Amino acid sequence: MTTHALRWPRTPHELVVVVAVAWLLFGPGVKAAWSQMGEPARQVTVFGVVAVPNAKIMDPKLKAIAPQLRRLLPNHGFKLLDVQSKRLSAGQAVTCDLGGGAASAITLIRPLDENGKVQLRCELLQDEVSQLATLVSTPANQLFFCDKTRPDGSRILIGIGAR
Amino acid sequence: MRCQEVIHHLSIQPVGAPPSALLNEHLAGCASCTAWAERNARLDRLWETTRGPELSAAAWDRIWSNVSESLEPAPAPTLVSAPPLVVSSRSWRRPAMAIFALAQAAALLLAFGLAWRQSPSSPRPASPVPAANVPTATVAEAAPTAAPEANEIPAFDISPDQLTLISLDDKTVHDLPKDESPNEVSLFSLPMFNAMESLASLQ
């Protein structure tokens, strides 16, 4: 029986083989694949709308979704505050400016939970300080809404979705 | 007519054909179906302007005969007529096979890893919950927070067939009333989702 001892490559051909193997195992493509494996991402969209009761105002930017907004909050006028959409990995957040120092921060907690849903943490901030937070498990490609009444009677409507 | 039936009729009717009176009646009162019909018409127009020329029957015959020929088994190689192979004293077969095997092993490892990670049943540790003080940057890395806070946060599980409004005033969930359409949630949510995502990309 013959035994082959490991030895350092001595010819250019052998060296090319060693470099090729190293590239296959540790090359940038493999590194990127491993990176993707550990961090699946979601496109998270959040928008904030102020809804004023007994008003007929409709922000032109919201014209395309006016029927849905009217169904969500009938007899309200609507004005867009901010809309943001970002590709997030777990632990990252997208923030939507609601004006007056208020903001809504949506953090991707789990891109895919055991029920096949996306887990998000929805947080309302005032001057960068958290006022309240909720954890939401939502199906992908489906918007859900949060609303909060303001002291002047108007309401902040926040639409959130992940795909 | 219900929304699903309207979309079905719009999908199967020939390009350029005017919608029937019944469809028109529904479209006049349904914003989501109207938007769908407009998108469908835009897609039809785009297809009409960009599609390639129709192939003739003779051209199809040539293509299929080429396909048939390529599927037929190749004749067995004649070993006698083949020229003798010149094999170098240092054969390349072994290192080439080693590279191939290693590449296959790496690909299998990645495939198994991806499948395990993306499987809904695979247990994954929950990512750190962000601290109360999230920076206002558009995309911010969340910082870890104390565990007791996570227990106090109300949690909501949204059903795939329900339009949900969470009231942050009293932390209750209100399911919006639905009509009889089975695709209502999609018809309501998807156009809105797409519109807002487009708007975000424009800003």
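Since this is a predicted model, take the numbers as computed values, not measurements. Values below: all heavy atoms of this structure, side chains included; hydrogens, waters and symmetry mates excluded. Here is how names work: the chains are called A, B, and so on, in the same order as the sequence lines, proteins then strands, and each is numbered from 1.
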(request) Tell me, for A:Ile156 versus chain B, whether the close heavy atoms (under 4.5 Å) come from the side chain, the backbone, both or neither. (result) neither
(message) Is B:Ser159 in contact with chain A via its backbone, its side chain, both, or neither, using a 4.5 Å heavy-atom distance?
(response) backbone
(request) Using a 4.5 Å cut-off on heavy atoms from C-beta on, say whether the side chain of A:Arg71 contacts that of B:Leu163. (result) yes
(message) If I take atom SG from residue A:Cys122 and atom CD1 from residue B:Ile166, how far apart are they, to the nearest 0.5 angstrom?
(response) 6.5 Å
(request) Would you check if the side chain of A:Lys117 reaches a backbone N or O of B:Ile158 as a donor-acceptor pair within less than 3.5 Å? (result) yes
(message) To check you understand the geometry: which heavy-atom pair defines the closest contact between B:Leu199 and A:Lys61, and what is its length?
(response) CD2-O, 3.8 Å
(request) Would you indicate whether the side-chain heavy atoms of B:Met196 and A:Leu80 approach each other to under 4.5 Å? (result) yes
(message) When you measure from the side chain of A:Gln68 to the backbone of B:Ser32, do you find a donor-acceptor pair of N or O atoms at a distance under 3.5 Å?
(response) no
(request) Against chain B, work out which of A:Ala140, A:Ser85, A:Gly159, A:Pro67 has the most heavy-atom pairs shorter than 4.5 Å and name it. (result) A:Ser85
(request) Please list, in residue-number order, every residue in residues 23-30 of chain B that has a heavy atom less than 4.5 Å from any heavy atom of chain A; write 'none' if there are none. (result) none
(message) Given heavy-atom pairs under 4.5 angstrom as the criterion, report whether the side chain, backbone, both or neither of A:Phe144 touches chain B.
(response) both
(message) Distance check, rounded to the nearest 0.5 Å: B:Asp157 atom CG versus A:Gln119 atom CD?
(response) 8.5 Å
(message) Would A:Gln43 and B:Phe193 count as a side-chain contact (heavy atoms from CB on, under 4.5 Å) here? Give the steps.
(response) CA-CA 11 Å; A:Gln43 184 78 23; B:Phe193 203 153; over 6 Å; no
(message) To the closest 0.5 Å, what do you measure between CG (A:Asp147) and CG (B:Leu165)?
(response) 4.5 Å
(request) Against chain B, work out which of A:Ile65, A:Leu62, A:Asp82 has the most heavy-atom pairs shorter than 4.5 Å and name it. (result) A:Ile65
(message) To check you understand the geometry: which heavy-atom pair defines the closest contact between B:Ser189 and A:Leu143, and what is its length?
(response) OG-N, 2.7 Å
(request) With rounding to the nearest 0.5 Å, note down the distance linking CG in B:Asn194 to CZ in A:Arg163. (result) 4.5 Å
(request) State, with a plain yes or no, whether a side-chain heavy atom of A:Arg155 is found less than 4.5 Å away from one of B:Asp169. (result) no
(message) For a quick test of reading the model, state the closest non-hydrogen atom pair linking B:Pro160 to A:Pro139 and the distance between them.
(response) CA-CG, 3.5 Å
(message) At a heavy-atom distance under 4.5 Å, which candidate from A:Thr138, A:Val44, A:Ile106, A:Thr149 has the highest pair count against chain B?
(response) A:Thr149
